[in-house]
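Computed over heavy atoms, backbone and side chain alike; hydrogens, waters and symmetry mates excluded.
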Amino acid sequence: MGRRTSPKPAQPIKRMGNPLGFGSRECGRRGSPRAAHLQAQVSAQEFGVRRIWTQLLLGTLADAGLISLEEYTDASSRLIGMEFITTMFDASSLLAGFRLAGWLSHVPPAAQFVKIFADPQANGQRLFTIFVGFIQKLFQEPHRAF
C-alpha cells in the first residue's frame, strides 16, 4: 500500500498563447506531461474533479479565450480521428477534419468522418444538416492551390 500525500494547492491557470501545445512535438502528443498537467489543473480548479472529458475541457478553454475557435474545431476533429466515440461535431469540425487530412477522405480524421456518415445507424437528419453546413463553409473557404 502506498503512502498518502496531501494534495498541493492548485496554482492559478495562466493565459498561454497555445495552452494545449497543438502542433508542438512535446505537447501535441497524446499523454504528454504538459497537456496532462494542464488538463488536471483545469479539471480540479474549474470542475472539482481529477480528470475531465476532453471535449468539455476544450470548450471551457475556448469559452475562456485560452484557445481560438479554430484550435477548438481542429482539436475536436482530431478527437474524431482518434475515434473518441462521444465527441460532438458540427460543420466546422467536419471542414477542419478534411483540411487536416489534406482533403483526402481516406486519411484521418476525414476517414473517421466518412465512417460516421456511412453508418446505417446514424441520425440521417442530423448528418444531413451538418453536411449542408459543411458545403456552405466549403464554398466560403478561400481557394487554395493543391
| task | Determine whether Gln112 and Met82 make a side-chain contact, defined as any pair of heavy atoms from C-beta on separated by less than 4.5 Å. | result | no

| Which atom names give the shortest non-hydrogen contact between Ser92 and Lys137, and what distance separates them? | OG-CE, 3.0 Å

| Thinking salt bridges, do Arg99 and Glu141 make one under a 4.0 Å N-O criterion? | no

| task | Spell out, as yes or no, whether a donor-acceptor pair under 3.5 Å connects the side chain of Gln55 to the backbone of Met88. | result | yes

| task | Look at the side-chain heavy atoms of Ile, Leu, Val, Met, Phe, Trp and Tyr, link any pair under 4.5 Å apart, and say whether Phe131 and Phe139 land in one connected group. | result | yes

| message | Closer than 3.5 angstrom, by distance alone: can the side chain of Thr129 be matched with the main-chain N or O of Gln125 as a donor-acceptor pair? | response | yes

| request: Report the relative orientation of the aromatic rings in Phe117 and Phe89; use parallel for angles under 30°, tilted for 30 to 60°, perpendicular for over 60°. | output: tilted

| query | Atom CG of Asp74 and atom CG of Leu69: how far apart are they, to the nearest 0.5 Å? | reply | 9.5 Å

| field | Spatial distance of atom CD1 (Ile67) from atom OH (Tyr72) [nearest 0.5 Å] | value | 8.5 Å

| Hey, quick one: are Leu95 and Ile135 part of the same hydrophobic cluster, counting side-chain heavy atoms closer than 4.5 Å, chains of contacts allowed? | yes

| said: Starting from Leu100 and following side-chain heavy-atom contacts under 4.5 Å between hydrophobic residues (I, L, V, M, F, W, Y), which residues can be reached? | reply: none

| field | Side chain to side chain, Glu71 and Leu61, heavy atoms closer than 4.5 Å | value | no

| request: Measure the shortest side-chain to side-chain distance between Ile80 and Leu94 over non-hydrogen atoms and say whether it is less than 4.5 angstrom. | output: no

| query | Considering all heavy atoms of both residues, which atom of Ala101 and which atom of Ala110 are nearest to each other, and what is their separation? | reply | CB-CB, 3.6 Å

| query | Do you know which two heavy atoms are closest between Ala75 and Leu58, and how far apart they sit? | reply | CB-CD1, 3.5 Å

| Distance only, no hydrogens: is a donor on one side chain within 3.5 Å (strictly under) of an acceptor on the other, for Ser93 and Asp90? | yes

| said: Quick check against the 3.5 Å criterion: does Thr73 have a side-chain atom that pairs as donor or acceptor with the backbone of Ala96? | reply: no

| message | When you group the ILVMFWY residues by side-chain heavy-atom contacts below 4.5 Å and let the links chain together, are Trp103 and Ile116 in the same group? | response | yes

| said: Any heavy-atom pair between the side chains of Ser105 and Phe98 that's under 4.5 Å? | reply: yes

| request: Kindly determine whether Asp63 and Thr60 satisfy side-chain hydrogen bond (donor to acceptor under 3.5 Å, both in side chains), including the steps that lead there. | output: CA-CA 5 Å; Asp63 289 345; Thr60 301; 5.7 Å; no

| Do you reckon Val132 sits in the same ILVMFWY cluster as Phe113, going by side-chain contacts under 4.5 Å, direct or chained? | no

